[in-house]
Amino acid sequence: MSQKEFSEISTKPQYHYHLLPAQKQLIYIGDPDVHIDICVYQGGFGSGKTFIGSLLGHILSSQVPRNRGIVVAKTYPIVRDTTLQTYFEHFDTMGLKSGRDYQWRASEQKLKYKNGSEILFRHLDDPSRIKSLNLGWAHMEEMGDIDESGFLMLLSRLRLKHVSRYRLFGTTNPQNGLGWLRRYFEKDRTFAVPDSTPRPQKIQYRRVLAPSTENSHLSAAYLENMKQQFSAEYYRMNVLGQDGGTQKGLLCPQFSESNLDEALQCQATLRLYLSCDFNVDPMCWVIAHRTQQPGMQIQYEFFDELCIENTNIIQTAEEFARRYASHEAGIVITGDASGRSRSDSSANPNDSKYRILLNTLSNAGMKNVHLDVPSANPHQDLRIETWNGLLCNQDGIRRVKIHPEKCKWLVWNLQNLRYLSGTSVVSEPSIRQIEQDASRCLKFTKHPFDAASYLTYRYDAIRKDAPLHHQKSLIRWQRFSPERLF
């Protein structure tokens, strides 16, 4: 496409964007001989990943007539609820009107432009569904969640005849482990296309790192809040945008003796928090206070646990009542959201696990007991990182304290829980391994940790949603130099 043709297409007045440095790196291609550009935009929270991915897709569609692109994700709700909505936000910002400048054809899951270009929106649960397409470009949303087979299938579809330069770009969070993204994009690479005419052509793989701190549209308070909430490793990945470790190792690497305090005990004047993980063998509950010194953030003090083998909810609740029936400052019960479901062990088929717990405590004479359980459990990764940020954040502040003897199984979990090598999957023992474990430790794997981390996530959950302002400025469309785009 020539500069003259580009200018003629861009005559309508528009709102225009002030792009961040990393966003410009994704948009522009420096080498005019690159025939296929394959790029991953890896950024922290609030780094504008979906924003810039959808903007590039719009540019490629609006500036190249009869172009065909595709936006894919692991599941369709991601495409529909996030990426597609960002396209509509761009259209509103630019003054583009449905029916005049574009059409959304819901039955075909397709955006149609008046210049003949179109964008398909698909999921990649089955990559074979796109094997018959001819494409000029492709955008992989949350690229790290998509299998390598989907990536390779999209590469094979970049063959729309009249397109002079093909683009495949993905937006993703930083990755842990040695997955396929690391293998393809850890280093920038360029390959010459043999026998290409009339001039040499190249295929390039490149990665753009986009730290959250680069985004001038994020408030200082938002960035500082992430620094306070996140552990050092989580901050490095999800704020600075850097790769995680190739071997994740311990689930709670921030845990140390600094988190232990033998002086912790139940204080009669403080509200008591009981957090539950429901598992018959063993049943694991933890008991804590939430305390706050003047000018300081809330601290979690775990001073007791109930980890009982071969039991049920009633027996465990009776043990809790035996220990804390005289506590009058109030009790809050929280924990695993699945406990809201019906319990098969109840005589009343409508009783949930939490209802059985509350009834047992009431029968034991306990009053001032309140239930505060979420409607659904959080994503495990966010729950773990919330916990790790409280164990020790980026500034070295520790907001979790644990009694080493009275909470021995919680401590054991923090010392021993691990990820499967090179993955983000928590390693848990099989039933056979538990049966053969002479130490009887393995059966307590993860349950006390889950109970404790449900509590901290309920009241101090990581907040990663960024309060972004529209990236508007007086930059004109002609600034998107066509020879570096198409």
Side-chain angles (χ1 to χ4, degrees), residues 1-3 6-7 9-10 14-64 67 69 71 83 86-87 89-91 93-94 119 136-143 163-174 181 185 187-190 202-218 223 238-243 466 468-486:
M1 177 178 288
S2 68
Q3 181 68 48
F6 183 89
S7 299
I9 292 175
S10 306
Q14 308 280 2
Y15 284 98
H16 304 292
Y17 296 103
H18 172 65
L19 298 182
L20 305 171
Q23 293 174 332
K24 291 180 182 178
Q25 290 182 52
L26 174 65
I27 290 282
Y28 293 132
I29 301 171
D31 189 339
D33 294 331
V34 169
H35 184 57
I36 304 177
D37 178 68
I38 306 162
C39 182
V40 58
Y41 186 91
Q42 177 176 308
F45 298 144
S47 58
K49 295 186 290 292
T50 301
F51 175 95
I52 195 59
S54 54
L55 178 60
L56 178 53
H58 169 68
I59 294 170
L60 296 172
S61 299
S62 62
Q63 303 298 302
V64 180
N67 203 353
V71 179
T83 317
T86 306
Y87 271 89
E89 290 172 8
H90 284 308
F91 295 158
T93 300
M94 297 171 185
I119 306 176
W137 61 270
H139 172 198
M140 301 177 71
E141 186 70 77
E142 296 191 11
M143 193 175 186
V163 174
S164 60
R165 172 180 282 161
Y166 299 103
R167 305 285 297 266
L168 189 153
F169 50 97
T171 50
T172 188
N173 295 319
L181 271 180
F185 295 100
K187 294 181 180 180
D188 291 353
R189 300 172 294 149
T190 302
K202 301 175 182 176
I203 301 172
Q204 73 174 7
Y205 286 77
R206 59 194 180 100
R207 179 174 63 164
V208 176
L209 297 182
S212 309
T213 51
E214 182 188 83
N215 192 345
S216 57
H217 302 277
L218 295 175
L223 293 172
N238 293 292
V239 177
L240 302 183
Q242 299 173 6
D243 290 325
L468 282 169
H469 303 291
H470 286 300
Q471 299 184 34
K472 298 179 182 179
S473 77
L474 297 178
I475 295 178
R476 312 210 45 94
W477 276 103
Q478 285 83 349
R479 292 289 297 278
F480 295 115
S481 305
E483 67 275 6
R484 298 170 65 190
L485 281 167
F486 315 119

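- For the atom pair CZ (Phe51) and CG (Leu19), the distance works out to 7.0 Å, reported to the nearest 0.5 Å.
- Between Arg206 and Phe185 the shortest heavy-atom distance is O-CD2, 3.5 Å.
- Smallest separation of non-hydrogen atoms from Val208 and Gln25: CG2-CB, 3.8 Å.
- At a threshold of 4.5 Å between non-hydrogen side-chain atoms, the residues Tyr41 and Gln23 count as touching.
- Between atom CG of residue Asn67 and atom OG of residue Ser61 there is a gap of 6.0 Å, rounded to the nearest 0.5 Å.
- The CG atom of Leu55 sits 12.0 Å away from the OG1 atom of Thr50 when rounded to the nearest 0.5 Å.
- With rounding to the nearest 0.5 angstrom, the SG atom of Cys39 is 10.5 Å from the CZ atom of Arg207.
- In this structure the side chain of Leu56 reaches within 4.5 angstrom of the side chain of Leu26, judged on heavy atoms.
- The aromatic rings of Tyr166 and His35 lie perpendicular to each other, with more than 60° between the two planes, well past the 30° mark.
- Side-chain contact check for Ser54 versus His90: some heavy-atom pair is nearer than 4.5 Å.
- A donor-acceptor pair under 3.5 Å is absent between the side-chain atoms of Ser47 and the main chain of Ser212, judged by distance alone.
- Although no hydrogens or angles enter the test, the distance criterion places no donor-acceptor pair under 3.5 Å between the side chain of Asp33 and the main chain of Lys202.
- Remark: Asp31 CG to Thr190 OG1 distance equals 7.0 Å, nearest 0.5 Å.
- Under the side-chain contact (heavy atoms from CB on, under 4.5 Å) rule, Asn173 has a single partner from Glu142, Gln42, Met143, Lys49, which is Lys49.
- Side chain of Glu214 to backbone of Ala22: a donor-acceptor contact under 3.5 angstrom is found.
- Residues Arg167 and Asp37 are paired through a salt bridge, judged by an N-O separation under 4.0 Å between the basic side chain and the carboxylate.
- By the 4.5 Å heavy-atom criterion applied to side chains, Val71 and Tyr87 are counted as neighbours.
- Ile119 is not listed as a side-chain neighbour of His139, based on a closest heavy-atom distance of 4.5 Å or more.
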TODO: Start with the C-alpha distance between Leu168 and Ile36, add both sets of side-chain angles, then the distance that settles side-chain contact (heavy atoms from CB on, under 4.5 Å), and finish with yes or no.
DONE: CA-CA 8 Å; Leu168 189 153; Ile36 304 177; 5.9 Å; no
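- Using a 4.5 Å cut-off on side-chain heavy atoms (C-beta onward), Ile203 and Val34 make no contact.
- To the nearest 0.5 Å, atom CD1 of residue Ile38 and atom CE of residue Met140 are 11.0 Å apart.
- A parallel orientation is assigned to the rings of Phe169 and Trp137, their planes being inclined by less than 30° (bins at 30° and 60°).
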